[in-house]
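Have a look at the structure below before the remarks.
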Amino acid sequence: MAIRVTVWGENVHERENKVVAGIYPNGMHTAIADALNRDAGIAASTVTLQDPEHGLTAQKLAETDVLIWWGHAAHGDVADAVVERVCNAVWSGMGAIFLHSAHFAKPFKRLMGAPCNLTWREAGERERIWLTSRNHPIAAGLPDHFELENEEMYGEPFGVPEPMETVFVSWFQGGEVFRSGLTYKRGAGSVFYFRPGHETYPTYHNPHVQRVILNAVKWAHNPGLRLADASAAPNVTVDQALEPIEERGPRLHHDGEEGFR
(Lines give C-alpha, C1' and ligand atoms only; values in the text may rest on other atoms or scores of the structure.)
Protein backbone atom coordinates (compact mmCIF):
# COMPACT_ATOMS: atom_id res chain seq x y z
CA MET A 1 0.00 0.00 0.00
CA ALA A 2 1.33 3.43 -0.93
CA ILE A 3 2.35 5.89 1.79
CA ARG A 4 -0.37 8.54 1.97
CA VAL A 5 1.22 11.98 2.09
CA THR A 6 -0.57 15.30 2.56
CA VAL A 7 1.41 18.38 1.53
CA TRP A 8 0.10 21.44 3.36
CA GLY A 9 0.86 24.75 1.68
CA GLU A 10 0.23 28.22 2.99
CA ASN A 11 -0.35 29.27 -0.64
CA VAL A 12 0.04 32.99 0.01
CA HIS A 13 3.26 33.99 -1.74
CA GLU A 14 2.36 32.04 -4.89
CA ARG A 15 -0.83 34.08 -5.26
CA GLU A 16 0.59 37.48 -4.30
CA ASN A 17 4.17 37.56 -5.57
CA LYS A 18 5.01 37.37 -9.31
CA VAL A 19 8.50 35.98 -8.71
CA VAL A 20 7.18 33.10 -6.62
CA ALA A 21 4.31 32.47 -9.04
CA GLY A 22 6.80 32.27 -11.90
CA ILE A 23 8.86 29.61 -10.13
CA TYR A 24 5.88 27.68 -8.75
CA PRO A 25 2.90 28.45 -10.99
CA ASN A 26 0.80 25.78 -9.29
CA GLY A 27 2.16 26.44 -5.80
CA MET A 28 5.08 25.07 -3.86
CA HIS A 29 2.82 22.43 -2.34
CA THR A 30 2.01 21.10 -5.83
CA ALA A 31 5.68 21.04 -6.86
CA ILE A 32 6.54 19.00 -3.75
CA ALA A 33 3.63 16.61 -4.24
CA ASP A 34 4.38 16.13 -7.95
CA ALA A 35 7.98 15.17 -7.15
CA LEU A 36 6.83 12.68 -4.52
CA ASN A 37 4.24 11.13 -6.82
CA ARG A 38 6.99 10.07 -9.22
CA ASP A 39 7.72 7.34 -6.68
CA ALA A 40 5.37 4.38 -7.04
CA GLY A 41 5.28 3.91 -3.27
CA ILE A 42 3.87 7.38 -2.58
CA ALA A 43 0.36 8.82 -2.98
CA ALA A 44 0.66 12.56 -2.31
CA SER A 45 -2.19 15.08 -2.25
CA THR A 46 -2.29 18.77 -1.37
CA VAL A 47 -4.32 21.06 0.86
CA THR A 48 -3.89 24.75 1.63
CA LEU A 49 -4.53 27.36 4.27
CA GLN A 50 -7.50 28.66 2.28
CA ASP A 51 -9.38 25.33 2.33
CA PRO A 52 -12.13 24.78 4.93
CA GLU A 53 -10.43 23.86 8.22
CA HIS A 54 -7.18 24.54 6.27
CA GLY A 55 -7.77 21.21 4.54
CA LEU A 56 -6.86 19.33 7.72
CA THR A 57 -10.14 17.84 8.86
CA ALA A 58 -10.15 14.93 11.28
CA GLN A 59 -10.90 12.59 8.39
CA LYS A 60 -8.05 13.96 6.25
CA LEU A 61 -5.54 13.54 9.05
CA ALA A 62 -6.81 10.03 9.76
CA GLU A 63 -6.07 9.22 6.11
CA THR A 64 -2.59 10.82 6.20
CA ASP A 65 0.49 8.76 6.99
CA VAL A 66 2.92 11.69 6.67
CA LEU A 67 2.11 15.41 6.73
CA ILE A 68 4.46 17.92 5.05
CA TRP A 69 4.10 21.55 6.17
CA TRP A 70 5.32 24.77 4.50
CA GLY A 71 4.32 28.14 5.92
CA HIS A 72 5.76 31.63 6.24
CA ALA A 73 3.60 34.76 5.96
CA ALA A 74 0.46 33.50 7.67
CA HIS A 75 1.52 31.40 10.66
CA GLY A 76 -0.89 33.37 12.84
CA ASP A 77 -3.83 32.63 10.55
CA VAL A 78 -3.76 28.91 11.33
CA ALA A 79 -6.63 28.05 13.66
CA ASP A 80 -5.62 26.75 17.07
CA ALA A 81 -8.16 23.92 16.80
CA VAL A 82 -6.39 22.69 13.66
CA VAL A 83 -3.01 22.97 15.39
CA GLU A 84 -4.31 20.81 18.25
CA ARG A 85 -5.68 18.29 15.73
CA VAL A 86 -2.34 18.07 13.91
CA CYS A 87 -0.34 17.65 17.11
CA ASN A 88 -2.70 14.93 18.34
CA ALA A 89 -2.25 13.12 15.03
CA VAL A 90 1.55 13.26 15.42
CA TRP A 91 1.41 12.09 19.03
CA SER A 92 -0.82 9.24 17.84
CA GLY A 93 1.67 8.10 15.18
CA MET A 94 1.42 10.30 12.07
CA GLY A 95 4.76 11.37 10.62
CA ALA A 96 5.43 15.08 10.10
CA ILE A 97 7.97 17.01 8.00
CA PHE A 98 8.39 20.76 8.50
CA LEU A 99 10.13 22.70 5.74
CA HIS A 100 12.11 25.95 5.86
CA SER A 101 10.14 28.78 7.47
CA ALA A 102 7.79 26.25 9.08
CA HIS A 103 10.23 26.49 12.00
CA PHE A 104 7.82 29.19 13.19
CA ALA A 105 4.66 27.24 12.30
CA LYS A 106 2.29 26.78 15.22
CA PRO A 107 2.31 22.96 15.10
CA PHE A 108 6.12 22.81 14.99
CA LYS A 109 6.52 25.19 17.92
CA ARG A 110 3.92 23.25 19.88
CA LEU A 111 5.67 19.94 19.19
CA MET A 112 9.09 21.38 20.02
CA GLY A 113 7.97 23.27 23.12
CA ALA A 114 10.59 25.90 22.27
CA PRO A 115 10.87 29.35 20.63
CA CYS A 116 12.41 27.86 17.43
CA ASN A 117 14.15 31.18 16.70
CA LEU A 118 17.21 31.72 14.51
CA THR A 119 19.16 34.38 12.60
CA TRP A 120 18.46 35.01 8.91
CA ARG A 121 19.42 36.99 5.83
CA GLU A 122 17.75 37.13 2.42
CA ALA A 123 20.60 37.68 -0.05
CA GLY A 124 20.40 34.78 -2.49
CA GLU A 125 23.71 33.37 -1.31
CA ARG A 126 25.09 29.90 -1.88
CA GLU A 127 24.17 27.19 0.61
CA ARG A 128 26.38 24.12 0.93
CA ILE A 129 24.56 21.29 2.65
CA TRP A 130 26.79 18.70 4.29
CA LEU A 131 25.70 15.18 5.13
CA THR A 132 26.63 14.42 8.74
CA SER A 133 25.09 10.94 9.11
CA ARG A 134 25.95 8.85 6.04
CA ASN A 135 24.01 5.77 7.10
CA HIS A 136 20.79 7.59 8.00
CA PRO A 137 17.78 6.57 5.86
CA ILE A 138 17.06 10.24 5.06
CA ALA A 139 20.54 10.50 3.50
CA ALA A 140 20.12 7.49 1.18
CA GLY A 141 21.38 8.12 -2.35
CA LEU A 142 22.86 11.55 -1.57
CA PRO A 143 26.46 12.76 -2.00
CA ASP A 144 28.51 13.91 0.98
CA HIS A 145 27.47 17.46 0.15
CA PHE A 146 25.44 19.39 -2.41
CA GLU A 147 24.94 23.08 -3.15
CA LEU A 148 22.02 25.41 -3.73
CA GLU A 149 23.24 28.43 -5.67
CA ASN A 150 20.65 30.79 -4.19
CA GLU A 151 19.04 30.46 -0.78
CA GLU A 152 18.02 32.44 2.26
CA MET A 153 20.50 32.18 5.11
CA TYR A 154 19.47 30.66 8.43
CA GLY A 155 22.11 30.82 11.16
CA GLU A 156 22.72 29.41 14.60
CA PRO A 157 21.77 29.47 17.35
CA PHE A 158 18.61 27.58 16.45
CA GLY A 159 16.22 27.58 19.41
CA VAL A 160 15.00 23.99 19.24
CA PRO A 161 15.45 21.01 21.59
CA GLU A 162 18.43 18.74 21.03
CA PRO A 163 17.42 16.39 18.18
CA MET A 164 17.73 12.62 18.06
CA GLU A 165 20.05 13.04 15.07
CA THR A 166 21.44 15.86 12.98
CA VAL A 167 21.40 14.55 9.42
CA PHE A 168 22.55 17.73 7.64
CA VAL A 169 24.39 20.94 8.45
CA SER A 170 24.54 23.96 6.15
CA TRP A 171 27.25 26.52 5.40
CA PHE A 172 26.46 29.85 3.77
CA GLN A 173 28.63 32.27 1.80
CA GLY A 174 28.40 34.83 4.57
CA GLY A 175 30.07 32.37 6.96
CA GLU A 176 27.11 31.20 9.03
CA VAL A 177 26.33 27.55 9.72
CA PHE A 178 23.03 25.90 10.60
CA ARG A 179 21.75 22.48 11.68
CA SER A 180 19.56 21.98 8.64
CA GLY A 181 18.19 18.44 8.99
CA LEU A 182 16.94 17.38 12.43
CA THR A 183 14.97 14.33 13.59
CA TYR A 184 12.66 14.06 16.59
CA LYS A 185 10.24 11.63 18.18
CA ARG A 186 7.07 13.13 19.57
CA GLY A 187 4.75 10.59 21.14
CA ALA A 188 4.35 7.81 18.58
CA GLY A 189 5.15 10.13 15.66
CA SER A 190 8.43 10.86 13.89
CA VAL A 191 9.24 14.49 13.02
CA PHE A 192 11.85 15.85 10.58
CA TYR A 193 12.81 19.48 10.08
CA PHE A 194 14.55 20.38 6.79
CA ARG A 195 15.85 23.91 6.29
CA PRO A 196 16.01 24.73 2.52
CA GLY A 197 13.02 26.15 0.64
CA HIS A 198 12.86 29.93 0.43
CA GLU A 199 9.98 30.80 -1.87
CA THR A 200 11.81 33.14 -4.28
CA TYR A 201 14.30 30.45 -5.33
CA PRO A 202 13.66 27.15 -7.20
CA THR A 203 14.77 24.97 -4.29
CA TYR A 204 11.96 22.42 -4.54
CA HIS A 205 12.88 21.72 -8.17
CA ASN A 206 16.36 20.60 -7.06
CA PRO A 207 16.73 16.79 -7.37
CA HIS A 208 18.80 16.48 -4.17
CA VAL A 209 16.19 18.41 -2.18
CA GLN A 210 13.46 16.24 -3.69
CA ARG A 211 15.44 13.15 -2.69
CA VAL A 212 15.73 14.35 0.90
CA ILE A 213 11.98 14.94 1.15
CA LEU A 214 11.20 11.55 -0.40
CA ASN A 215 13.61 9.80 1.98
CA ALA A 216 12.14 11.71 4.91
CA VAL A 217 8.62 10.60 4.02
CA LYS A 218 9.70 6.97 4.03
CA TRP A 219 11.58 7.44 7.30
CA ALA A 220 8.67 9.20 9.03
CA HIS A 221 6.06 6.68 7.91
CA ASN A 222 4.74 4.55 10.77
CA PRO A 223 3.13 1.37 9.44
CA GLY A 224 1.57 0.55 12.81
CA LEU A 225 -1.91 1.44 13.99
CA ARG A 226 -2.48 4.93 15.34
CA LEU A 227 -3.01 5.32 19.05
CA ALA A 228 -6.70 5.76 19.70
CA ASP A 229 -6.08 8.60 22.17
CA ALA A 230 -2.50 9.78 22.57
CA SER A 231 -3.49 12.02 25.50
CA ALA A 232 -5.30 9.33 27.50
CA ALA A 233 -4.36 9.21 31.20
CA PRO A 234 -6.53 6.41 32.66
CA ASN A 235 -7.12 5.80 36.34
CA VAL A 236 -5.84 2.26 37.02
CA THR A 237 -7.76 0.98 40.05
CA VAL A 238 -6.43 -1.30 42.78
CA ASP A 239 -8.26 -4.32 41.41
CA GLN A 240 -6.62 -3.73 37.97
CA ALA A 241 -3.05 -3.88 39.31
CA LEU A 242 -0.96 -6.65 37.74
CA GLU A 243 0.19 -7.80 41.17
CA PRO A 244 -2.14 -8.06 44.20
CA ILE A 245 -2.00 -4.93 46.37
CA GLU A 246 -4.00 -3.43 49.22
CA GLU A 247 -5.09 0.17 49.45
CA ARG A 248 -3.01 1.73 52.24
CA GLY A 249 -3.84 5.38 52.50
CA PRO A 250 -6.32 8.17 51.79
CA ARG A 251 -6.91 9.38 48.23
CA LEU A 252 -8.53 12.23 46.38
CA HIS A 253 -10.22 10.32 43.56
CA HIS A 254 -12.89 7.65 43.32
CA ASP A 255 -12.34 4.61 41.09
CA GLY A 256 -12.77 5.54 37.43
CA GLU A 257 -12.70 9.27 38.14
CA GLU A 258 -10.76 11.53 35.75
CA GLY A 259 -7.62 13.09 37.14
CA PHE A 260 -6.83 16.80 37.22
CA ARG A 261 -5.39 18.40 34.07
Atom pair CG/CG of Asp51 and Leu56 - distance to nearest 0.5 Å: 8.5 Å
Aromatic centroids of Tyr24 and His205 separated by under 6.0 Å: yes
Check: Glu156 and Thr119 side chains under 4.5 Å, non-hydrogen atoms: no
Thr48 (side chain) donor-acceptor with Gly9 (main chain) under 3.5 angstrom: no
Shared-cluster residues of Met1, by chain and number - hydrophobic side chains joined below 4.5 Å: none
Any side-chain heavy-atom pair of His145 and Pro143 under 4.5 Å: no
Spacing of CD belonging to Glu247 relative to OG1 belonging to Thr237, to within rounding of 0.5 Å: 10.0 Å
Under 3.5 Å side-chain donor-acceptor pair for Glu199 and Asn17: no
Polar side-chain atom of Gln50 near backbone of Glu10 as donor-acceptor pair, under 3.5 Å: yes
N/O donor-acceptor pair under 3.5 Å between Tyr201 side chain and Leu148 backbone: no
side-chain hydrogen bond (donor to acceptor under 3.5 Å, both in side chains) against Lys60, all qualifying residues, sequence neighbours excluded: Ser45
With Asn206 via side-chain hydrogen bond (donor to acceptor under 3.5 Å, both in side chains) - residues at least two apart: none
Qualifying residue, where the test is side chain to side chain donor-acceptor pair (under 3.5 Å) with Arg195 and the options are Glu151, Glu152, His103: Glu151
Nearest-0.5 Å distance, CG of residue Leu225 to OG of residue Ser92: 11.5 Å
Trp70 side-chain N/O to Gly197 backbone N/O, donor-acceptor pair under 3.5 Å: yes
Side chains of Thr57 and Gln59, donor plus acceptor under 3.5 Å: no
His54 side chain vs Ala79 backbone, donor-acceptor pair below 3.5 Å: yes
Contacts of type side-chain hydrogen bond (donor to acceptor under 3.5 Å, both in side chains), residue Asp229, not counting sequence neighbours: none
Validation row: Trp91, Leu227 side chains within 4.5 angstrom (heavy atoms): no
Common cluster, Met164/Phe192, ILVMFWY with side-chain heavy-atom separation under 4.5 Å: yes
Rounded distance [0.5 Å steps], NZ in Lys185 versus CG in Leu111: 13.0 Å
Contacts of type side chain to side chain contact (heavy atoms under 4.5 Å, CB included), residue Ala44, not counting sequence neighbours: Val5, Ala33, Leu36, Asn37, Ile42
Check: Lys109 side chain, Cys116 main-chain N or O, donor-acceptor pair, under 3.5 Å: no
Gap separating the OG atom of Ser101 from the NE2 atom of His198, nearest 0.5 angstrom: 8.0 Å
Side chain proximity check, Lys218 to Ile3, heavy atoms < 4.5 angstrom: yes
Test item: Gln210 side-chain N/O and Pro207 main-chain N/O as donor-acceptor pair under 3.5 Å: no
From CD1 (Ile97) to CG (Asn215), nearest 0.5 Å: 9.5 Å
Other residues, nucleotides, ligands: >12 heavy atoms within 6.0 Å of Arg134 CZ: no
Between His253 and Phe260, ring centroids under 6.0 Å: yes
Arg179 to Phe158, cation-pi by 6.0 Å centre distance and 45° axis angle: no
Stepwise salt bridge (Lys or Arg N to Asp or Glu O under 4.0 Å) check, Arg128 with Glu147: CA-CA 4 Å; Arg128 184 174 296 138; Glu147 294 185 355; 2.7 Å; yes
Donor-acceptor contact present, side-chain Tyr204 to main-chain Pro196, <3.5 Å: yes
Near-ring test Tyr154/Phe178, centroid separation under 6.0 angstrom: yes
Residue from Val191, Leu182, Leu67, Ile68 passing side chain to side chain contact (heavy atoms under 4.5 Å, CB included) with Phe98: Val191
Side-chain polar contacts of residues 167-174 - donor-acceptor pairs under 3.5 angstrom, sequence neighbours left out - could you list them?
from: Ser170; atom 1: OG; to: Glu127; atom 2: OE2; distance (Å): 2.6
from: Ser170; atom 1: OG; to: Ser180; atom 2: OG; distance (Å): 2.9
from: Gln173; atom 1: OE1; to: Arg126; atom 2: N; distance (Å): 2.7

